[in-house]
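This report concerns only the one structure given below.
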Number of protein chains: 2
Amino acid sequence: MSGISDVARLAGVSKSTASRALSGSGYVSEKTRLKVAAVAASLEYVPSSNAASLVTGRTRNVGVVIPYLHRWFFAEVLEGIQAALLERGLDLTLYDANPGTEGRRRIFEDFLARKRFDGLIAVGLEPEDHELERLLKIGRPVVSVVGTDADASVIGIDDNDAARRATHHLTSLGHEHIAFVGGGSSPRWASVDRRRLDGYLEAMSEAGLTARAQHIRSEVSLPGGYAAAVDLLGARSRPTGIVAVCDEVAIGAIIAARRLGIGVPGDLSVVGIDDHKYAEMFALTTLQQVPREQGRAAVELLEAQLADADAEPTHLALSARLIVRASTGPVDAQHSVMVSDARTGIDGSV
Amino acid sequence: MSGISDVARLAGVSKSTASRALSGSGYVSEKTRLKVAAVAASLEYVPSSNAASLVTGRTRNVGVVIPYLHRWFFAEVLEGIQAALLERGLDLTLYDANPGTEGRRRIFEDFLARKRFDGLIAVGLEPEDHELERLLKIGRPVVSVVGTDADASVIGIDDNDAARRATHHLTSLGHEHIAFVGGGSSPRWASVDRRRLDGYLEAMSEAGLTARAQHIRSEVSLPGGYAAAVDLLGARSRPTGIVAVCDEVAIGAIIAARRLGIGVPGDLSVVGIDDHKYAEMFALTTLQQVPREQGRAAVELLEAQLADADAEPTHLALSARLIVRASTGPVDAQHSVMVSDARTGIDGSV
DNA sequence: TTGAAAGCGATACCAC
DNA sequence: GTGGTATCGCTTTCAA
């Protein structure tokens, strides 16, 4: 394994010149640059990032703190981040900070303090106060995907607005009995869920339906949505519309409805938020966000902060796009589809 | 930010003694060890991993090369790896090597060569020949989760056996027309899929059903299984049993069956491989593997290789456990459940 | 049991 | 444009 001095010697130049030639910074004649590059290539020279980091203080590595890997949104964001980092030649150190685990504690107590990165991207982290404190104490730029930090750059959709529009979509179709499903299953609310519930409540209020607003708590997952919907739809008086906190919950609700023989959208309209990869298969009407792009954007924001130490924190609130598929319909059309469903086994939504 | 010389000075010892005291290697009197530790704590001293790595050659970092993040199996393995690494104080560098992407190419060409890790864990990587060559050339221990490398440690389930037992489960229930769904959708087979198909074919052969064996190609995903099953089950002569390449495909098939009014398990038995987190919700009979534990085991294996440079590569083939839920039943029971399904909207499987 | 000094492999300043 | 040299922060002989 050859070092830069080997390259320098074989190229007949000094270490400093070799370094300049390879890093591309500083004056080097084109001739020697070519020569050095050729030698480096022939030796398959790979610079030691440790040595370089030690002297420059820059690691060319980005840390990603993320609470879940198995949830659609998080996996997509992470893939977006990784893709953008690969393009830039930057490494990615993963910190899976699952809430309530010993691992998360150690990440905040020990791992982050090592500063093995030039900057951090926090994805849907929702840090406790003492965690946030740690995060800022590190003294490296932080970009959040989903969040509310005032001190860091944040990128995400306008959750309140998305839920409001989802709800409005149903009220404009004539629905009056609309439930919001998901969130609040654990004592500590995820703030995203909270914001979406608020958006729903505001839209219900605008439609004069505050009295009929109903929040069904559930875990934010497909089985969670399924379980909650089984209860909700099995009750005597069931809603004609469901706004789900996210697509996973929405899809769970659709599956529950089908199993209960409730036609979608004939007897029940369901709208989600996400545009999950399964959304199309379930013909789910939803408010689309593109987490992969959010991941890429986070890298771009971080890059800017890295280039210019005192760049102002940017707050990017993207707007979700309504995609109407076949899980929502006018409230009047009730039952018409249900019949065909029982006969053919396929309702009109596919 | 204080370095080890600050600690040394304030503790009234030399750098060397401070280093020994903190790293715990070499002779240090208990008294000075305590003193140094106290000073280090008061200064919130964090050693520079770059400096340490530069001199020791060890990074205390593990690279994980993984082709997907959004698929259940991969996300679970990754979470298992991360948890085990956090316990050991080791960092995790993520390389998302999505097949066919420019990013994957760069990972193998550039990123891995930097050797910013003491060892690698490859998860379901299925490297091309030239990629494998690169991998071994790095000269760092590699552990594979799922795979067939002779030169590296491998951990995974016996896929052939799992598929064979899944199939046998159906034949023992009297099924004769059993299709295998999934895999082979792209020209390049994933070898896992291939092995599972082989296991199915062997079991069919053992049951004297070779003539009726049928492989339905599909993408290995829930929508993929759904689409394939819609075609398969819509045909004139449909099977009474489905062995799916994995649970995601199996669940897609169940959803398709329900939509077509085909009762599960009344008219159709479905068995998967995985024990996916949604398996319970769909009452899916499956052969369980626990990817999270495979991730942990990979870390343990790697740790052993790291401790003892010439430890023999270990090949761990775990056995999947059959979990019988309610997606499979005797072939005779056909139609009985379908009727109740149509009446109540809920079949017997929940 | 401790300390002085020699690197690890690069970068960057400063003469030339 | 180029080369010598100090330096980054630590570990590790080797002597004392």
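Worth knowing before you read on, the calculation uses all heavy atoms, side chains too, and leaves out hydrogens, waters and symmetry mates. Note that the structure is predicted; figures quoted are calculated from it, not measured. Quick note on labels: first sequence line is chain A, next is B, and so on, each numbered from 1.
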Are any of [X]'s side-chain N or O atoms less than 4.0 Å away from OP1 or OP2 of [N]?
X: T32(B); N: dT2(C); result: yes
X: S53(A); N: dC8(D); result: no
X: S19(A); N: dT11(C); result: yes
X: S48(B); N: dC10(D); result: no

If I take atom [atom1] in residue [X] and atom [atom2] in nucleotide [N], what distance separates them, rounded to the nearest angstrom?
X: R116(B); N: dA10(C); atom1: CZ; atom2: P; value: 13 Å
X: K15(A); N: dG4(D); atom1: NZ; atom2: P; value: 11 Å
X: L34(A); N: dG1(D); atom1: CG; atom2: P; value: 14 Å
X: R114(A); N: dC10(D); atom1: CZ; atom2: C1'; value: 15 Å
X: R60(A); N: dA10(C); atom1: CZ; atom2: C1'; value: 15 Å
X: R20(A); N: dG1(D); atom1: CZ; atom2: P; value: 11 Å
X: K115(B); N: dG9(C); atom1: NZ; atom2: P; value: 12 Å
X: N50(B); N: dA10(C); atom1: CG; atom2: C1'; value: 11 Å

Using the C1' atoms of five pairs at each end, what's the angle between the two axes of the helix from dT1(C)-dA16(D) to dC16(C)-dG1(D), to 10 degrees?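 It works out to 40° between the end axes.
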
Nearest to the side chain of [X] - [options]?
X: I4(A); options: dT11(C), dT11(D), dG3(D); result: dT11(C)
X: Y27(B); options: dT11(C), dT11(D), dT1(C); result: dT1(C)
X: A51(A); options: dG9(C), dT11(D), dG9(D); result: dG9(C)
X: T17(B); options: dT11(D), dT2(C), dT11(C); result: dT2(C)
X: T56(A); options: dC8(C), dA10(C), dA12(C); result: dA12(C)
X: S29(A); options: dT12(D), dT2(D), dG9(C); result: dT2(D)
X: S14(B); options: dA4(C), dT11(C), dC13(C); result: dA4(C)
X: S16(B); options: dC8(D), dT11(D), dA4(C); result: dA4(C)

Partner residues of S16(A) under the side chain to side chain donor-acceptor pair (under 3.5 Å) criterion, sequence neighbours left out: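 Listed in chain order: S14(A).
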
Between S153(B) and T314(B) (side chain of the first, backbone of the second, donor and acceptor by atom type, cut-off under 3.5 Å), is there such a pair?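 Yes: the side chain of S153(B) pairs with the backbone of T314(B).
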
Examine distances only and state if a side-chain atom of D159(A) and a backbone atom of V192(A) form a donor-acceptor pair shorter than 3.5 Å.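 Judged by distance alone, no pair lies under 3.5 Å.
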
Can you confirm if the NZ or CZ of R114(B) lies within 45° of the ring axis of F111(B) and under 6.0 Å from the centre of its six-membered ring?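 That pair qualifies as a cation-pi contact.
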
Are [X] and [Y] within salt-bridge range, i.e. N to O under 4.0 Å?
X: E102(A); Y: R105(A); result: yes
X: E44(A); Y: K137(B); result: yes
X: R106(B); Y: E87(A); result: no

List the steps and the verdict of side chain to side chain donor-acceptor pair (under 3.5 Å) for S5(B) and R9(B). CA-CA 6 Å; S5(B) 19; R9(B) 189 163 13 85; 5.8 Å; no

